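Here is how names work: the chains are called A, B, and so on, in the same order as the sequence lines, proteins then strands, and each is numbered from 1. What you see is a predicted model, and the numbers here were worked out from it, not measured in a lab. Because only heavy atoms are used, hydrogens play no part in the values below, and waters and symmetry mates are left out as well, while side chains stay in.
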There are 2 protein chains.
Amino acid sequence: MTEIDDVELARSQPTIEQVAAAAGVSRATVSRVINGSPKVSDGARSAVSNAVEELGYVPNRAARSLVTRRTDSMALVVEESESRLFADPFFARTVRGMSGVLADRDLQLVLLMAQSTSERARLKRYLTGGHIDGVLLLSHHGDYELPLSLKRAGVPVVLGGRPTSRVSISYVDADNVGGAHDAVTFLVEQGRRRVATISGPSDMGAGVDRLRGYRAALGEANVAYEEGLVHPGDFTRESGEEAMKVLLERRPDLDAVFAASDLMAAGALRVLKEQDRSVPGDVAVVGFDDSAIARTTDPQLTTIRQPVEHFGREMAHMLLRQIETPDGGVQKLVLETELVIRGST
Amino acid sequence: MTEIDDVELARSQPTIEQVAAAAGVSRATVSRVINGSPKVSDGARSAVSNAVEELGYVPNRAARSLVTRRTDSMALVVEESESRLFADPFFARTVRGMSGVLADRDLQLVLLMAQSTSERARLKRYLTGGHIDGVLLLSHHGDYELPLSLKRAGVPVVLGGRPTSRVSISYVDADNVGGAHDAVTFLVEQGRRRVATISGPSDMGAGVDRLRGYRAALGEANVAYEEGLVHPGDFTRESGEEAMKVLLERRPDLDAVFAASDLMAAGALRVLKEQDRSVPGDVAVVGFDDSAIARTTDPQLTTIRQPVEHFGREMAHMLLRQIETPDGGVQKLVLETELVIRGST
DNA sequence: TTGAAAGCGGTACCAG
DNA sequence: CTGGTACCGCTTTCAA
């Protein structure tokens with residue numbers, strides 16, 4: 001049975017030398033053509049182009065980057081398990097924003113994941129070993145070992161989300177405090193008084209800040225802050241269900257919930273429905289993100305819109321700026337959020 | 001306001017030369033220590049180790065791979081949009097399987113996405129340019145341009161899912177025909193006679209084969225195959241909803257649905273509920289994948305379990321074998337599936 | 001066990 | 001506009 005294109009194996013890649021020979025010019029000229037230098041005669045240019053075409057020449061990036069010090073690729077590092085990475089629409093949209101910007105500059109985006117300690121060690125070697133020109137770091141938790149190592153090694157880094165401790169690393173963040181504040185203020189204005197919150201992880205800026213916004217809003221409205229109305233999740237749907245159960249158990253009289261992510265809010269809705277609490281009649285619910293699922297829940301979710309694609313784009317821009325201007329100092333950017341009112345309040 | 005670790009910028013990475021100088025040995029000896037050669041005296045070894053530690057030396061991978069011809073990293077290429085990649089749990093589990101195997105060999109897995117034509121061109125340059133040692137290709141559609149180019153360039157490739165045309169490329173696949181066959185046979189045995197199917201994309205092996213299994217099972221059971229009972233989706237939940245609506249419109253009398261993915265089955269369930277058809281009373285539903293959502297639908301989904309982590313592992317193993325034995329020929333592996341019966345039938 | 005030196009495949013400077 | 005050539009940082013003979 002014949003199969004098409006049963007090519008001879010691994011005829012080793014042609015080198016610039018061979019292209020030069022085939023085109024009857026020097027290596028230098030081939031290099032000029034490849035890199036689009038204007039100072040090449042048309043004759044030479046077309047001879048080289050033909051040779052490249054014929055031999056299927058592709059420049060060896062290792063050799064090139066050894067001298068240029070660039071690789072033309074950027075890493076997106078996600079310190080998160082595959083399951084969360086792939087379950088949370090936040091990542092997909094962020095990636096879309098980033099890759100758009102990078103694609104315009106013909107930069108390749110490579111995605112790297114790391115969980116276990118040994119994986120993280122390998123990852124660090126990979127990143128500092130010159131495989132990539134810069135790093136976009138998403139969903140980092142408490143420990144700033146990696147970004148600091150990178151900075152120390154001279155690898156440009158931009159964080160997604162502000163760091164929770166005082167490290168001088170550039171970042172883009174959403175206005176989590178403001179967003180949470182708006183959400184809770186809105187609930188209070190609707191007459192809710194026993195506003196619970198399913199907060200995010202305390203080792204992530206987004207977790208801490210959304211809780212802070214919640215507190216601030218209650219304070220301004222002269223509503224007492226009660227520990228019993230606060231329970232943390234980890235941004236997943238499952239953790240939202242879990243937290244909602246705990247909160248209802250603890251405070252059956254709660255009349256509103258602010259969840260620090262839409263996924264957790266969706267989990268909360270499900271539990272409320274199971275326990276026959278009407279939404280928004282008995283309990284009002286607000287999420288955070290305005291991700292796609294906010295429109296698929298029943299009722300649809302009132303939530304805080306984050307400009308997620310924009311977030312990704314800004315991270316990429318910041319990284320590019322950092323590469324162009326290595327001594328540009330630490331950059332910080334906070335993006336506004338917006339309250340989106342739907343059926344759950 | 002002081003911020004910790006405000007390091008001096010980009011003190012250029014130390015080279016092996018500097019380590020050698022610091023340790024009072026030659027470059028060759030440093031290299032031997034780095035690469036764990038046994039033929040180094042203890043004295044030299046510890047001197048080098050100290051110097052490495054002190055200077056924070058990390059080998060330049062470009063320089064190394066220029067000579068070794070290896071990069072110790074493998075690419076996972078997904079020819080799919082970010083949104084589908086991140087929405088389908090299939091990918092997460094596959095990645096987990098792969099990265100486990102690769103991590104054991106201290107190989108870095110890098111994930112690459114490509115959609116637009118220009119992105120694909122860049123991706124091809126990246127892959128053939130020597131950035132990686134091998135490619136795992138997932139969710140490829142009709143066109144085999146990329147894997148064939150890679151093969152031609154001597155880059156080892158393994159496909160996830162059999163190719164839809166006769167190209168001689170190694171692959172791992174699930175027994176999609178068999179799985180679909182089992183699903184539909186089960187439905188028929190339960191007395192269902194008007195079994196519809198929401199099939200997968202016709203440019204993907206999984207799509208074609210699951211439809212083939214459906215047909216085969218009907219044939220064996222002497223149930224006529226009807227075009228009107230078949231409508232395609234693209235494995236997403238949305239497409240499942242869409243297809244279910246079309247099918248109900250066309251054949252209001254259908255009494256069972258075999259969906260080629262759990263996500264599509266979940267979409268179908270939702271539409272059935274909206275239209276007040278009881279499941280499994282009026283309509284029985286079977287999915288494919290046994291992904292996490294199969295247990296979160298109401299009722300829980302009867303489905304075909306694919307060994308997804310195993311799938312990822314086998315792909316990685318196959319790729320490693322191919323790298324070790326470049327002339328080993330084309331490898332093919334088909335993994336068994338299993339019917340899992342739950343509430344939807 | 002160690003060091004000297006020859007590349008690996010490019011880029012870019014310097015003459016011409 | 002073109003070619004010759006000196007590196008880039010590392011691995012790997014080959015001799016010592």
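For the pair B:T29 and C:dG3, the criterion of a side-chain N or O lying under 4.0 Å from OP1 or OP2 is met.
If you check the side chains of A:T15 and A:Y57, you find no donor sitting under 3.5 Å from an acceptor.
In this structure, A:S37 contributes its side chain and A:V33 its backbone to no donor-acceptor pair below 3.5 Å. A donor-acceptor pair under 3.5 Å is absent between the side-chain atoms of B:D133 and the main chain of B:M74, judged by distance alone. Side chain of B:T164 to main chain of B:M204: no donor-acceptor pair is present (N/O by atom type, distance under 3.5 Å, no hydrogens or angles).
At a threshold of 4.0 angstrom between heavy atoms, the contacts of A:R61 with the nucleic acid are absent. When heavy atoms are screened at a 4.0 angstrom cut-off, B:V30 is found touching no nucleic acid atom at all.
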Atom pairs under 3.5 Å: protein N/O with N/O of nucleotides 8-10 of chain C:
| residue | atom | partner | partner atom | Å |
| --- | --- | --- | --- | --- |
| C:dC8 | O3' | B:R69 | NH2 | 2.6 |
| C:dG9 | OP1 | B:R69 | NH2 | 2.2 |
| C:dG9 | N2 | A:A63 | O | 3.2 |
| C:dG10 | OP1 | A:Y57 | OH | 3.1 |
| C:dG10 | OP1 | A:N60 | N | 3.2 |
| C:dG10 | OP2 | A:I16 | N | 2.5 |
| C:dG10 | O5' | A:Y57 | OH | 3.0 |
| C:dG10 | N7 | A:R27 | NH2 | 3.3 |
| C:dG10 | O6 | A:R27 | NH2 | 2.5 |

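Test B:K151, B:K124, B:R152 against B:E145 for salt bridge (Lys or Arg N to Asp or Glu O under 4.0 Å) and you get one pass: B:K124.
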Verdict with reasoning, B:R61 to B:D72, per salt bridge (charged side-chain N to carboxylate O under 4.0 Å, His left out): CA-CA 9 Å; B:R61 308 294 301 218; B:D72 296 320; 3.2 Å; yes
Checking B:M113 against B:E79 for the side-chain contact (heavy atoms from CB on, under 4.5 Å) test, could you report, in this order, the C-alpha distance in whole Å, the side-chain angles of both residues, the deciding distance, and whether it holds? CA-CA 6 Å; B:M113 291 158 287; B:E79 301 193 76; over 6 Å; no
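Salt-bridge check for B:R96 with A:E119: failed, with every basic side-chain N at 4.0 Å or more from each acidic carboxylate O. A:D104 and A:R313 are not joined by a salt bridge, as no carboxylate oxygen comes within less than 4.0 angstrom of a charged side-chain nitrogen.
What you find for B:A22 and B:A51 is that their closest heavy atoms are CB-CB, 4.0 Å.
Running 5' to 3' along DNA chain D, contacts with non-hydrogen atoms of chain A at under 4.0 Å begin and end at D:dC1 to D:dG9.
Between the axis at the start and the axis at the end of the helix from C:dT1-D:dA16 to C:dG16-D:dC1 there is an angle of 40°, using five pairs per end and rounding to 10 degrees.
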